[in-house]
Number of protein chains: 2
Amino acid sequence: MSRPRKIAEENGSVSTEVIVERITTAMLEQRLPLGAKLGEEKLCAIFGVSRTKVRQALNRLARSQLVVLKPRRGAFLAEPTPEEARQVFEARRVIECEIFAQFTRSASEADLVALERHVEAERRAIRTDDVPLRNRLLGTFHVRIAEMVGNKVLTDILADLVTRSSLITLLLQSTQAASCSSDEHRALIAAIRARKGPLVQKLLREHIDHVERDLADIDGRASAFDLADALGSGIAARKSKAPVRRPRNGAAAGRGRAQGQP
Amino acid sequence: MSRPRKIAEENGSVSTEVIVERITTAMLEQRLPLGAKLGEEKLCAIFGVSRTKVRQALNRLARSQLVVLKPRRGAFLAEPTPEEARQVFEARRVIECEIFAQFTRSASEADLVALERHVEAERRAIRTDDVPLRNRLLGTFHVRIAEMVGNKVLTDILADLVTRSSLITLLLQSTQAASCSSDEHRALIAAIRARKGPLVQKLLREHIDHVERDLADIDGRASAFDLADALGSGIAARKSKAPVRRPRNGAAAGRGRAQGQP
DNA sequence: ACGCTAGTTCTTGTATACAGGACAGCATGA
DNA sequence: TCATGCTGTCCTGTATACAAGAACTAGCGT
């Protein structure tokens, strides 16, 4: 597997950021299974750069907990434990409760309109089955609100947590879950517009809680994948073959209340 | 300045973590002024390693916002702006409020005893004018509570924020401030032992607020420093010369309510 | 036939070499 | 005298070479 199909980058070579972004995206789009080995040489071949840059990228990813670096063994996509998952969502609850509280007080009409447009984009992505875009938008909804509140420190922290959440919920993504999530985003906006602080808090907690409820399902997961395929095309690759590979048992898709991305 | 006095590491060479730790410590001990340039070659000479490791360390430090990497210019110790400082403390308030609330509910007697011992150590360091140890302990008090609550994700986030706080408050450290801080730690423990949730919240907010109150003073700062000196000896270097160099105007020390480390 | 050991090969960790941009200092001209 | 352009030097960014540990395979012994 994994014929090293090199990505020719027209202008010189790809930057470290691009590599980080590509790997993150590939992960978010479920083209890389949890625990996948990320060999340095292979990544070099794929991105057409030297190991120096690849290692920089892997270090960066390791610090955001997306990959685990085992000494003398190499880099592997993280496999969050249920306990770790619980803690990530707990952290989100803490931080987002405060962010939403502030936002409920400070949100301008322009902010709310922008958010509504965001949710519109979510729904479009869901309708058209654009899984990569959908996942991305469902996550960035929360980050955008943090940005609007204006605390960059908290925004950065939350962005990291959202990405980790995405990694965690990869296994139980489904169109239905995405749809639920998007509906809840709408409800949140409505409550914020009405300045109903307590209601916002309640909805937010429920929204995040929905994910954890199905967390026990993190277990059986897949094996075969092609590294070059997964990292092949750039941001939001959607060019080929089956709409999306879902290398896991299809059971998750049919569950009652599987919440994909909060 | 900065004669490259090499640190001979007996067993092979120092690891990346050690370099990170040394630079962080030097910063926390005020041996490096804000904005100081951290030249790669100089660090190589000081630690006796190649640029590879030094760059790894610098990247790590950049990630935790302790140094800023200016492209093609090099690495510099961060100089947090007042606005950034405000955001860091805001983030701490958000996270610590929740942590303390949980801790007030869950704290065991053993936890409280351990904390009291910690405060004892703080006071000892203050009495003996062990500035490095003092600063470290005043910061880790908060992290230890987070550890006791048991959420590793939140603990890691808070640890980063505490370090950044330390960087920010470097300019207004004083024995008096440290003493106040330690007293407030004691008051917090007492309130927690009494399980007085609201009181804990009030004390905590005041405790963190005290720092921000003097934040406007971040401006005039120093110039001359010796990189090799600053990074010379290992963890908690206290071997030489004047007790501690304070490369700033001495005014801060005499202020009414200068809060060093929350 | 199965398990253990030794050799080989592959991968990572570290150092070094090379290339290109940035800054400082000097010279030149207005 | 001051501003501006140039050049040399230093430093960073990137690639590559080398060393050492880990995994894999094959061979041997039981």
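These values consider heavy atoms only, across backbone and side chains, with no hydrogens, waters or symmetry-generated copies. Predicted model only: the values in this text are computed from it and were never measured. Proteins get letters first, then strands, A, B, ... in listed order; numbering begins at 1 in each.
- No option in A:T24, A:L32, A:L34 other than A:L34 meets the side-chain contact (heavy atoms from CB on, under 4.5 Å) test with A:L167.
- Going from atom CG of A:L38 over to atom P of C:dT11 covers 14 Å, rounded to whole Å.
- Side chain of A:K53 to main chain of A:V14: a donor-acceptor pair is present (N/O by atom type, distance under 3.5 Å, no hydrogens or angles).
- Taking 4.0 angstrom as the limit, A:K37 places none of its side-chain polar atoms (N or O) nearer than this to OP1 or OP2 of C:dC10.
- Checked for salt-bridge contact, B:R93 and A:E98 miss the test: no charged N lies under 4.0 Å from a carboxylate O.
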Using the rule given for side-chain hydrogen bond (donor to acceptor under 3.5 Å, both in side chains), can you reason through B:R60 versus B:T16, listing the C-alpha separation, both sets of side-chain angles and the distance that settles it, and then say yes or no? CA-CA 9 Å; B:R60 268 242 196 60; B:T16 303; 5.1 Å; no
Reading 5' to 3' through nucleotides 13-18 of chain D, protein heavy-atom contacts under 4.0 Å coded B for base, S for sugar-phosphate only, - for none: BBBBB-
Check step by step if side-chain hydrogen bond (donor to acceptor under 3.5 Å, both in side chains) holds for A:R31 and A:T25. CA-CA 9 Å; A:R31 293 194 307 257; A:T25 303; over 6 Å; no
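- Look at CD on B:E41: it is 17 Å from P on D:dT9, rounded to the nearest Å.
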